[in-house]
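What follows is a set of notes on a single structure, which appears directly below.
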Number of protein chains: 2
Amino acid sequence: MPTTAEFERLLRGADLRVTRPRLAVLDAVHAHPHADTDTIIGVVREDLGAVSHQAVYDVLRALTTAGLLRRIEPPGSVARYEARVGDNHHHVVCRSCGVIADVDCAVGAAPCLSASDHHGFVIDEAEVLYWGLCPDCSSTTTTSTTTSSRKDSRG
Amino acid sequence: MPTTAEFERLLRGADLRVTRPRLAVLDAVHAHPHADTDTIIGVVREDLGAVSHQAVYDVLRALTTAGLLRRIEPPGSVARYEARVGDNHHHVVCRSCGVIADVDCAVGAAPCLSASDHHGFVIDEAEVLYWGLCPDCSSTTTTSTTTSSRKDSRG
DNA sequence: CCGTTTTCTTGAATGAGTCAAGTTCAGCCA
DNA sequence: TGGCTGAACTTGACTCATTCAAGAAAACGG
């Protein structure tokens with residue numbers, strides 16, 4: 001968990017003014033990875049008192065644009081934010097409870113980009129989203145009867 | 001492009017009643033892969049005349065649940081639907097114009113699932129979304145000066 | 001410390017998608 | 001072929017994440 005001074009440095013390094021809402025948002029996202037906007041608003045308000053939701057939306061956008069935060073948006077979920085940036089890691093989403101965890105790409109360098117020119121597209125990024133069951137939910141489910149494995153799920 | 005009779009067979013095979021809105025939606029999605037709901041509503045209305053948006057939403061949900069359609073939801077876009085189901089292929093999205101194309105996974109069997117048990121999650125599906133520029137947009141862009149390749153984009 | 005520009009506040013608006021109550025119609029059965 | 005029943009469609013209101021806009025406050029260079 002970085003210190004406030006480090007957050008301040010991050011902001012200045014990105015040519016962003018240092019404000020209390022921005023520090024609080026950075027703090028909140030670091031403390032609660034994959035939190036949605038509403039949760040972040042809550043945490044920020046615990047920290048600072050009254051802060052408009054618009055301010056938090058603005059800050060999240062500014063920090064995301066500056067590359068200090070990363071926005072993820074799993075289908076069926078509202079936008080979520082995390083502070084781990086720059087490595088383009090991936091995510092697992094639990095189908096049951098919706099919890100999200102980080103996943104490093106286990107395969108070599110750029111496996112999912114192997115055929116880098118599909119249909120004439122120039123591809124610069126591959127985003128992988130894994131779906132499954134988290135440890136809690138899978139233990140509740142699989143210990144009963146069937147492990148219903150959905151359709152063909154090739155990568 | 002399947003015939004109406006084939007769409008009817010598809011619906012009956014899925015234990016769904018055959019209705020004009022459902023046939024029209026199937027037709028529309030087959031004719032316009034990756035179309036959003038609003039576009040589909042428009043196409044269906046060209047075909048049938050007045051149809052409520054609610055009906056189209058209901059039909060899209062029913063057909064998706066039945067596995068006759070697949071819903072995709074790229075970040076920053078509304079929901080889109082396609083009729084190619086059962087093979088879990090992937091998609092490329094153009095950062096510039098937003099056009100979407102299908103991508104078969106070029107690598108072996110289930111590459112993105114290679115480490116199938118991250119953080120104790122039981123993973124059953126890997127969804128890959130490629131970002132880049134479509135042929136049209138990349139020719140307009142790259143012929144000028146720099147091919148600004150975004151940050152580290154490992155798969 | 002002052003002025004400029006960015007950021008924050010306030011309050012309204014947007015728009016995809018959902019909910020709910022009532023009507024219509026597909027498909028089963030006589 | 002005609003009626004029955006539940007599913008599907010219509011209508012209209014509603015939700016809720018997110019954005020827009022105008023004015024007030026605050027950051028920071030000079």
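Values below: every heavy atom of this structure, side chains too, minus hydrogens, waters and symmetry copies.
Listed by chain and number, the residues in a salt bridge (Lys or Arg N to Asp or Glu O under 4.0 Å) with Asp102(B) are Arg84(B) (sequence neighbours excluded). The side-chain contact (heavy atoms from CB on, under 4.5 Å) check on Arg61(A) picks up Thr65(A), with sequence neighbours excluded.
The side chain of Ser52(B) has dC9(D) as its nearest neighbour among dC20(D), dT18(D), dC9(D). Checking dT18(D), dC9(D), dG17(C) against the side-chain heavy atoms of Pro21(B) singles out dC9(D) as nearest. Distance from the side chain of Asp58(A) is smallest for dC8(C) among the nucleotides dT11(D), dT10(D), dC8(C). You'll find that the side chain of His53(B) is closest to dT11(D), out of dT10(D), dG11(C), dT11(D).
Atom CZ in Arg80(B) sits about 16 Å away from atom C1' in dG17(C), given to the nearest Å. One interatomic measurement links the two molecules: CD of Gln54(A) to C1' of dA21(D), which rounds to 10 Å at whole-angstrom precision. Summarising the geometry, the separation between OH on Tyr57(A) and C1' on dA13(C) is reported as 14 Å, rounded to the nearest angstrom. Going from atom CD of Glu73(A) over to atom P of dA16(C) covers 15 Å, rounded to whole Å.
In this structure a side-chain-to-backbone donor-acceptor pair under 3.5 Å is present from Arg45(B) to Val51(B). Of the possible donor and acceptor atoms, one in the side chain of Thr64(B) sits under 3.5 Å from a partner among the backbone N and O of Leu60(B).
Tested against Val59(B), the residues Val44(B), Leu16(B), Val25(B) include a single side chain to side chain contact (heavy atoms under 4.5 Å, CB included) partner, Val25(B).
Using a 4.0 Å heavy-atom cutoff across all strands shown, Ala62(A) reaches no nucleic acid atom at all.
Shortest non-hydrogen contact noted between Cys94(B) and Cys134(B) is SG-N, 3.3 Å.
Residues Val56(A) and Val78(B) each lie close to DNA chain C; by heavy-atom proximity, the contact nearer the 5' end of the strand is made by Val56(A).
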Sugar-phosphate or base contact per nucleotide [nucleotides 22-30 of chain D; S, B, -; heavy atom under 4.0 Å]: -----BS--
